[in-house]
Amino acid sequence: MDKLYARQHGGSDAGLPIQYDFSTNSNALGPCPHVLELIQASDCAHYPDPEYHALRHQLAQWHGVDAQRILIAGSASEFIFRFSLACFFEQQSRGIAAHVHLPKHGYGDYAAAAQACGLIPTSLPQQAHLIWACEPSSPLGQTHEHLVQLIETQQQLPTQAIVLDCAYQPLRLSDKPSLNTEQSDQVWQLYSPNKALGLTGIRGAYAIAPNEKTSSTASHNARLKMRLQQLAASWPVGAHAHTMLNAWTQPETQAWLAQSLLSLADWKAQQIQACEHLGWRVLNSNANFFCVFPQDPNSSKKISTYIKNSTSSNYSIQLAQYLRLHGIKVRTTDSFGLAHHFRLGVRAPEAQAALLHAVQLFAVI
Ligand SMILES: Cc1ncc(COP(=O)(O)O)c(C=O)c1O
């Protein structure tokens with residue numbers, strides 16, 4: 001059996017309390033007070049409707065799609081694993097080994113799920129039965145390369161599915177999505193509102209299946225949808241996530257989100273300035289997070305002098321370890337296939353000042 005794929009995530013961990021968390025992409029203005037209040041008043045005494053009829057109708061109406069296309073998921077991470085398994089079984093039933101195409105830099109669960117479900121990675125999109133795309137991407141917050149072209153090519157590949165992870169679409173601060181409505185109708189779209197609402201402790205998400213009326217791979221997608229339904233545990237989301245997803249489309253929630261994006265845009269500009277002040281190279285991003293290359297101001301200094309007993313001789317990893325010891329968490333991007341960088345979620349000015357101060361102290365150790 002293959003070695004277990006080591007998953008890494010931002011956010012809470014087993015270490016000391018985190019005072020300033022730049023490692024998650026959760027909306028720094030959250031939690032959304034209106035949704036939090038509703039969650040706290042959730043009906044926990046009863047099972048939700050196992051088919052989530054009303055919720056699916058509400059989400060469908062909001063997205064302007066047929067309710068049959070909405071699938072409720074325990075979280076985006078849960079859906080990634082379930083989709084990978086559905087893809088494996090679908091190809092196995094045809095006597096074919098399923099292949100998956102992963103983004104160059106991307107959320108680690110795509111690769112972890114591929115490994116767990118026996119999907120074979122391929123660098124050739126035209127060979128893949130499953131393509132993972134993400135926009136704005138993580139960790140870079142950029143456009144997914146050649147997405148429109150992938151959809152055009154898919155029209156000649158009747159057993160290929162493309163899943164577009166839209167986890168950060170509601171947190172987009174600049175540019176616009178690559179796909180228009182007709183193109184979006186060809187792919188599976190995966191939404192996880194907990195990040196936009198600053199409620200990542202609530203686990204619940206949903207997907208929109210491709211439009212069977214216009215999809216070039218309609219019968220394949222219909223079979224995948226059936227498998228996804230078969231593979232779903234009963235009640236994939238409980239009362240709290242049900243409330244969050246229900247509140248997601250409410251005007252009050254969306255008004256709060258729109259307002260928070262204005263503050264995030266201001267904070268992002270300030271945070272970029274602070275990073276540049278440190279001499280760090282900032283990579284372009286359209287989201288509420290961005291990657292930096294933290295330059296070593298003392299590159300002539302022997303790195304192992306920074307932190308005693310550090311597990312790494314890499315400057316960015318040593319700096320991340322130092323910051324973590326001082327209550328500040330940043331996300332190193334090595335697990336995304338991007339060495340020597342940090343991904344920084346946009347945080348409030350107070351957190352930015354703490355980061356700046358801690359990095360300046362590190363430089364003079
Ligand atoms: C791109 C992307 N997709 C999905 C997820 C997981 O979302 P969820 O909290 O719904 O499992 C993450 C979490 O970090 C992510 O970065």
Side-chain angles (χ1 to χ4, degrees), residues 5-13 21-28 30-32 35 39 59 70-84 100 102-114 116 130-145 147 162-172 177-178 187-208 232-233 236-238 240-245 248 285-291 329-338 341-346:
Y5 183 96
R7 278 181 252 173
Q8 263 186 43
H9 294 293
S12 308
D13 56 30
D21 192 356
F22 290 84
S23 73
T24 111
N25 295 335
S26 181
N27 186 340
C32 171
V35 181
I39 287 172
L59 291 166
I70 304 285
L71 282 91
I72 303 297
S75 65
S77 306
E78 186 272 325
F79 188 81
I80 290 165
F81 277 77
R82 186 150 40 110
F83 202 94
S84 302
V100 61
L102 304 165
K104 186 168 171 212
H105 307 297
Y107 182 45
D109 276 30
Y110 309 141
L130 168 58
I131 294 182
W132 288 109
C134 183
E135 208 176 273
S137 63
S138 178
L140 293 169
Q142 293 173 3
T143 296
H144 189 91
E145 264 193 347
L147 187 53
I162 300 178
V163 186
L164 177 61
D165 186 338
C166 304
Y168 300 117
Q169 178 52 34
L171 285 161
R172 178 186 283 281
S178 300
V187 302
W188 294 80
Q189 299 163 70
L190 176 57
Y191 282 92
S192 175
N194 64 5
K195 281 156 264 304
L197 298 174
L199 284 162
T200 47
I202 303 292
R203 315 296 301 140
Y206 61 97
I208 308 176
V237 301
H240 294 108
H242 188 279
T243 303
M244 175 182 73
L245 296 177
W248 171 234
S285 155
N286 295 316
N288 66 321
F289 54 87
F290 55 88
C291 286
K329 186 164 176 181
V330 296
R331 177 76 160 88
T332 50
T333 53
D334 299 66
S335 68
F336 292 106
L338 184 68
H341 287 71
F342 295 154
R343 187 194 67 191
L344 299 176
V346 170

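Order of appearance sets the numbers: ligands from 1, and atoms from 1 within every ligand.
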Contacts of type ring-ring contact (aromatic ring centres under 6.0 Å, His included), residue His341, not counting sequence neighbours
Phe293

Given Trp132, which partner from the list Trp188, Phe79, Tyr110, Tyr107 fulfils the ring-ring contact (aromatic ring centres under 6.0 Å, His included) test?
Tyr110

Sorted by chain and residue number, the residues having a heavy atom closer than 4.0 Å to an atom of ligand 1 are Ser75, Ala76, Ser77, Tyr107, Cys134, Asp165, Ala167, Tyr168, Ser192, Asn194, Lys195, Arg203

Return yes if a side-chain donor-acceptor contact under 3.5 Å exists between Asn25 and Arg343, otherwise no.
yes

Side-chain donor or acceptor of Ser137 paired with backbone N/O of Gln142 under 3.5 Å
yes

Side-chain (Asn194) to main-chain (Ile202) donor-acceptor, under 3.5 angstrom:
yes

Spatial distance of atom SG (Cys291) from atom CG (Leu344) [nearest 0.5 Å]
8.0 Å

